[in-house]
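The figures here come from the full heavy-atom set of this structure, side chains too, leaving out hydrogens, waters and symmetry mates. A note on names: the letters A, B, ... follow the listed sequences, proteins ahead of strands, and every chain is numbered from 1.
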Amino acid sequence: MDFYERAAIVCRSIPVGRVASYGQIALLCGKPKHARQVGYALNKGKLGADIPAHRVVNGQGFLSGAAAFETFDMQKTLLQGEGVEVRQTGKGWQTDMGRYGWKTTLADAEGFRARFEERGI
DNA sequence: GTGATGACATTGA
DNA sequence: ATCAATGCCATCA
């Protein structure tokens, strides 16, 4: 399905030092209800090797906790290395979406949509 | 084909 | 604020 190709493009577009949510990525792919498939794809590495999967967190800024990285705190380490603050809360590792969340606009979504169409995906 | 699974999100109590 | 219940839909067995 072309959804994964789109997701790969979107993920590679996440700025360094920013994080995006699964739902946000799904939305930018034009499939608002595919948040879970984004997670599935990242888990399975279906988007390819050059994907900054560590910049993808859930809607509240929590790190997934799934062991798709070398060690459990790999994702945290990578993010902090990019300047993203990651705090330990009672529930788990969390980033401040207000400060580090990737701010996307309608224009961004439209831009992606155009890129997808010109590629026929 | 059917049913279970999941790096999610939203709603309502 | 916290927690459970739903909704969701591509994969996989």
Out of B:dC8, B:dA7, C:dC9, which has the shortest distance to the side chain of A:Q37? C:dC9
Stem finding on DNA chain C, please: runs of three or more consecutive Watson-Crick or G-U wobble pairs, both distances under 3.5 Å, sorted by first number. B:2-6 with C:9-13, B:8-13 with C:2-7
Apply side chain to side chain contact (heavy atoms under 4.5 Å, CB included) to A:K91 and list each qualifying residue two or more places apart in sequence or on a separate chain. A:F62, A:T89
Ignoring hydrogens and geometry, is there a side-chain-to-backbone donor-acceptor pair from A:D2 to A:E5 under 3.5 Å? no
Could you tell me the separation between the CE atom of A:M97 and the CG atom of A:N58, rounded to the nearest 0.5 Å? 8.0 Å
Does A:R12, at its CZ atom, have more than 12 non-hydrogen atoms belonging to other residues, nucleotides or ligands within less than 6.0 Å? yes
Residue-level proximity of residues 9-24 of chain A to DNA chain B when a heavy atom falls under 4.0 Å: A:S21, A:Y22, A:G23
Taking A:K76 for its side chain and A:E85 for its backbone only, find out whether a donor-acceptor pair lies under 3.5 Å. no
Measure OH/A:Y40 against P/B:dA9 and give the value in whole Å, please. 18 Å
Does A:F116 offer a backbone N or O that forms a donor-acceptor pair with the side chain of A:R6 under 3.5 Å? no
Find every protein N or O atom lying less than 3.5 Å from an N or O atom of nucleotides 2-4 of chain C, and list the pairs.
{"from": "C:dC3", "atom 1": "OP2", "to": "A:K91", "atom 2": "NZ", "distance (Å)": "3.4"}

Do any side-chain nitrogens or oxygens of A:H34 fall under 4.0 Å of OP1 or OP2 in B:dC8? no
Spacing between A:N58 atom CG and B:dT10 atom C1', to the nearest angstrom: 13 Å
Working to the nearest 0.5 Å, report the span between CG of A:D108 and OG of A:S13. 9.5 Å
Got a donor-acceptor contact below 3.5 angstrom from the A:R18 side chain to the A:G101 backbone? yes
What's the CG-P distance between A:L47 and B:dA7, to the nearest Å? 15 Å
Could you work out, with side-chain hydrogen bond (donor to acceptor under 3.5 Å, both in side chains) as the rule, every residue matching A:R55, not counting sequence neighbours? A:E82
If I take atom CG in residue A:L42 and atom P in nucleotide C:dT11, what distance separates them, rounded to the nearest angstrom? 13 Å
Students often get this wrong, so: under 4.0 angstrom with heavy atoms, is A:A26 touching a base, only sugar-phosphate, or nothing? nothing
Which side-chain N or O atoms in residues 20-27 of chain A pair as donor and acceptor under 3.5 Å with protein atoms at least two apart or in another chain?
{"from": "A:S21", "atom 1": "OG", "to": "A:Q24", "atom 2": "N", "distance (Å)": "3.1"}
{"from": "A:Q24", "atom 1": "OE1", "to": "A:S21", "atom 2": "N", "distance (Å)": "3.2"}
{"from": "A:Q24", "atom 1": "NE2", "to": "A:W102", "atom 2": "O", "distance (Å)": "2.7"}
{"from": "A:Q24", "atom 1": "NE2", "to": "A:T104", "atom 2": "OG1", "distance (Å)": "3.1"}

For C:dT11, does either OP1 or OP2 sit under 4.0 Å from a side-chain N or O belonging to A:Y4? yes
Minimum side-chain heavy-atom gap A:V10-A:C29 below 4.5 Å: yes
Rounded to whole Å, CZ of A:R36 lies from P of B:dC8 at a distance of 7 Å
Toward the 5' end of DNA chain C, which comes first, A:K44 or A:K33, by nearest nucleotide? A:K33
